[in-house]
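Because the structure is predicted, anything quoted here is derived from the model rather than measured. Below, read A as the first sequence line, B as the second, and so on, with proteins coming before strands; counting in each chain starts at 1.
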2 protein chains.
Amino acid sequence: MPRNQEPTNANSGTETSGNNVPGTEPTPPPNDQLPNVELTFLLGMAFQLLLGEFTGRVAEAGYPDLRPVHGMAFQVLRGHGATSSELAERLGVTKQAAGQIVDDLEKRGYVRRQPHPAGGRRKLVVLTDAAHQHLAVAGRILHDVEAEAARGTDQQDLAPLRTELAHLIRALHPNAPLPPLRPVW
Amino acid sequence: MPRNQEPTNANSGTETSGNNVPGTEPTPPPNDQLPNVELTFLLGMAFQLLLGEFTGRVAEAGYPDLRPVHGMAFQVLRGHGATSSELAERLGVTKQAAGQIVDDLEKRGYVRRQPHPAGGRRKLVVLTDAAHQHLAVAGRILHDVEAEAARGTDQQDLAPLRTELAHLIRALHPNAPLPPLRPVW
DNA sequence: ACAGGTGAGTCAAGCTGCTTTACTTGCCCC
DNA sequence: GGGGCAAGTAAAGCAGCTTGACTCACCTGT
């Protein structure tokens, strides 16, 4: 999967700051623009940094061609499985898109389509052992990444952050079920 | 821009719970799954809910075909402008993609390409009045959305959330400049 | 002065992952 | 037993990015 003309990484130089001349800035952090950035973008940056680190490590762990959306699908299907339409709803995409994702995962041995117990035209999509194995690995990696991030922070616990986020989400999405986490913006 | 087969919205039913059998759950909120959701996904959900509300209102305000990436570009270009390569770097995409975005915005009258003062083959991309006008509108809308979200939360101030996020981002992206906010995951 | 190198910009083609349109099929129900 | 509904699927379209290959302006060294 070579990327010859890599999207510029905004992180090329190793120069840590630029104005870190000793004695010019008393105590507060250097030229930090973050406090001026809107909450929405802070959320986006944190999300993408975390997710990027996660998917990078998952790829290294032997799953180079499993995108985040596949992991989301696994989480939805874990347990009793689901139909592709239910999957579509949880993923926030059309049922055709969900069907394509299921096709893909089926071809690669991560899911199986079974006759649905409730009958009808429905088919129950369930995870194979390979998928459960992946879920275990990915879960461990995700918790590692989050734990490392927490350690890198001053506060030793990200629990308050979590509860504040939960409140924010409930305020924006009052109806009970989890909001979908869509594959694009 | 009709969406005949709308991506299912994960919010169809109004049924609040499903397992709200009286007497099974003592005092805490109903079947709230959020506490079990990983931090990374909480961030993603909050981000997408906020951004979705924002872009919806921006569209209603007369900018139906300006995507989030365009707003990001405007923010980068605001002030002294930038070259497309610099824009590419801040957006985390290839310079060709940045060039296409600039083409598009130029065609629609939001930016202009000027000869770059530093000469060379460089061109300075600067915002037109239309873009500055949009920035004013979008900025107001974004702050409205965030303020409403804050009001919907118990805590009357999202400042602590902001600082925790800033710390988290710095932990994940130690080098000074802002991390790019890429248009996809 | 001129060969080589470098970096910005751009043209053209390709591809991925989603949507749109349109259809088939099983079941329920009066 | 036909009408309606919901699940699934097939095929085409398309937006928005990447890859590849090139041009052009400037700088450098010898």
Side-chain angles (χ1 to χ4, degrees), chain A residues 1-9 12-13 64-73 81-108 111-125 180-185, chain B residues 1-9 12-13 55 64-70 72-73 81-108 111-125 180-185:
Chain A
M1 208 184 268
R3 256 193 174 184
N4 283 6
Q5 192 152 0
E6 188 170 338
T8 54
N9 220 346
S12 31
D65 45 4
L66 241 30
R67 289 175 299 128
V69 68
H70 297 132
M72 297 299 305
T83 68
S84 342
S85 294
E86 291 162 350
L87 182 60
E89 180 158 347
R90 282 291 297 117
L91 260 46
V93 299
T94 59
K95 56 182 185 174
Q96 292 90 327
Q100 289 175 14
I101 291 169
V102 171
D103 284 346
D104 181 35
L105 290 176
E106 191 173 37
K107 223 169 295 175
R108 296 202 257 151
V111 306
R112 251 195 331 267
R113 283 186 230 238
Q114 294 179 347
H116 196 287
R121 229 179 124 67
R122 257 168 281 196
K123 295 177 186 174
L124 189 63
V125 182
L181 198 45
R182 302 203 59 227
V184 289
W185 11 314
Chain B
M1 210 185 259
R3 258 194 172 183
N4 283 6
Q5 192 150 1
E6 186 169 339
T8 56
N9 220 345
S12 34
T55 53
D65 45 4
L66 242 30
R67 290 175 298 129
V69 68
H70 297 133
M72 296 299 306
T83 67
S84 339
S85 294
E86 290 162 350
L87 182 60
E89 179 158 348
R90 281 293 294 120
L91 260 45
V93 298
T94 59
K95 56 183 186 175
Q96 291 93 322
Q100 289 173 14
I101 292 170
V102 171
D103 283 347
D104 181 35
L105 291 175
E106 190 173 37
K107 223 169 293 175
R108 297 203 256 152
V111 305
R112 252 196 330 270
R113 283 185 230 239
Q114 293 179 349
H116 196 287
R121 232 180 122 67
R122 257 167 281 196
K123 295 176 186 174
L124 189 64
V125 182
L181 198 45
R182 303 204 58 225
V184 288
W185 10 316

Could I get a table of every N or O pair under 3.5 Å where one atom is in the protein and the other is in nucleotides 3-8 of chain C?
unit_1 : atom_1 : unit_2   : atom_2 : d
C/dA8  : N7     : B/Lys95  : NZ     : 3.3
C/dA8  : N3     : B/Arg121 : NE     : 3.2

Atom-pair distance ([atom1] on [X]; [atom2] on [N]), nearest Å:
{"X": "B/Asp65", "N": "D/dG16", "atom1": "CG", "atom2": "C1'", "result": "15 Å"}
{"X": "B/Glu86", "N": "C/dG9", "atom1": "CD", "atom2": "P", "result": "8 Å"}
{"X": "A/Ile101", "N": "C/dG17", "atom1": "CD1", "atom2": "C1'", "result": "9 Å"}
{"X": "B/Asp103", "N": "C/dG9", "atom1": "CG", "atom2": "C1'", "result": "10 Å"}
{"X": "A/Leu87", "N": "D/dA6", "atom1": "CG", "atom2": "C1'", "result": "17 Å"}
{"X": "A/Leu66", "N": "C/dG17", "atom1": "CG", "atom2": "P", "result": "12 Å"}
{"X": "B/His116", "N": "D/dC26", "atom1": "NE2", "atom2": "C1'", "result": "14 Å"}
{"X": "A/His70", "N": "C/dG17", "atom1": "NE2", "atom2": "P", "result": "7 Å"}

Inset, instruction - Kindly say if B/Arg67 contacts the phosphate of D/dG16, meaning a side-chain N or O under 4.0 Å from OP1 or OP2. - result: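 Indeed, a polar side-chain atom of B/Arg67 lies that close.
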Legend entry - Nearest non-hydrogen partners of B/Ser84 and B/Ala98, listed with the distance: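 For B/Ser84 versus B/Ala98, the nearest heavy atoms are O-CB, 3.5 Å.
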Inset, instruction - Provide the closest heavy-atom pair for B/Thr55 versus B/Pro68 in the form atom of the first, atom of the second, distance. - result: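 So the two residues come closest at CG2-CG, 3.7 Å.
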Legend entry - Pairwise side-chain contact, A/Val125 with A/Leu87, heavy-atom cut-off 4.5 Å (strictly under):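 No, too far: nothing below the 4.5 Å cut-off.
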Inset, instruction - Check A/Lys95, A/His116, A/Glu89 against A/Thr83 for a side-chain contact (heavy atoms from CB on, under 4.5 Å) and give me the one that passes. - result: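 It is A/His116; the other options fail the test.
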Looking at [atom1] of [X] and [atom2] of [Y], how far apart are the two atoms once the value is rounded to the nearest 0.5 Å?
{"X": "A/Arg182", "Y": "A/Leu91", "atom1": "CZ", "atom2": "CG", "answer": "9.0 Å"}
{"X": "A/Asp103", "Y": "A/Gln96", "atom1": "CG", "atom2": "CD", "answer": "11.5 Å"}
{"X": "B/His70", "Y": "B/Leu105", "atom1": "NE2", "atom2": "CG", "answer": "5.0 Å"}

Inset, instruction - Just jot down the side chain to side chain contact (heavy atoms under 4.5 Å, CB included) partners of B/Glu106, sequence neighbours excluded, or say none. - result: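 Partners of B/Glu106 under the side chain to side chain contact (heavy atoms under 4.5 Å, CB included) test: B/Val111, B/Arg113.
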Inset, instruction - Select base, sugar-phosphate, or nothing to describe what B/Gly120 touches, counting heavy atoms under 4.0 Å on all strands. - result: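 Sugar-phosphate only.
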Inset, instruction - State, to the nearest 10°, the angle formed by the axis through the first five base pairs of the helix from C/dA1-D/dT30 to C/dC30-D/dG1 and the axis through its last five. - result: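 Both end axes considered, the difference amounts to 10°.
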Inset, instruction - Hey, which sits more toward the 5' end of DNA chain C by its nearest nucleotide, A/Ala118 or B/Leu124? - result: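 Its nucleotide being nearer the 5' end, the pick is B/Leu124.
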Inset, instruction - Establish whether the base of D/dT9 is bridged to the side chain of A/Gln100 by a donor-acceptor pair shorter than 3.5 Å. - result: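 Flag unset: no donor-acceptor pair detected.
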Inset, instruction - Kindly indicate whether the side chain of B/Gln96 and the base of D/dG16 share any N or O donor-acceptor pair separated by less than 3.5 Å? - result: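 Looking at the base of D/dG16, it does not pair with any donor or acceptor on the side chain of B/Gln96 (distance under 3.5 Å).
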Legend entry - Electrostatic pair A/Arg108-A/Asp104, nearest N-O below 4.0 angstrom: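 Here A/Arg108 pairs with A/Asp104 in a salt bridge, since their nearest N and O are under 4.0 Å apart.
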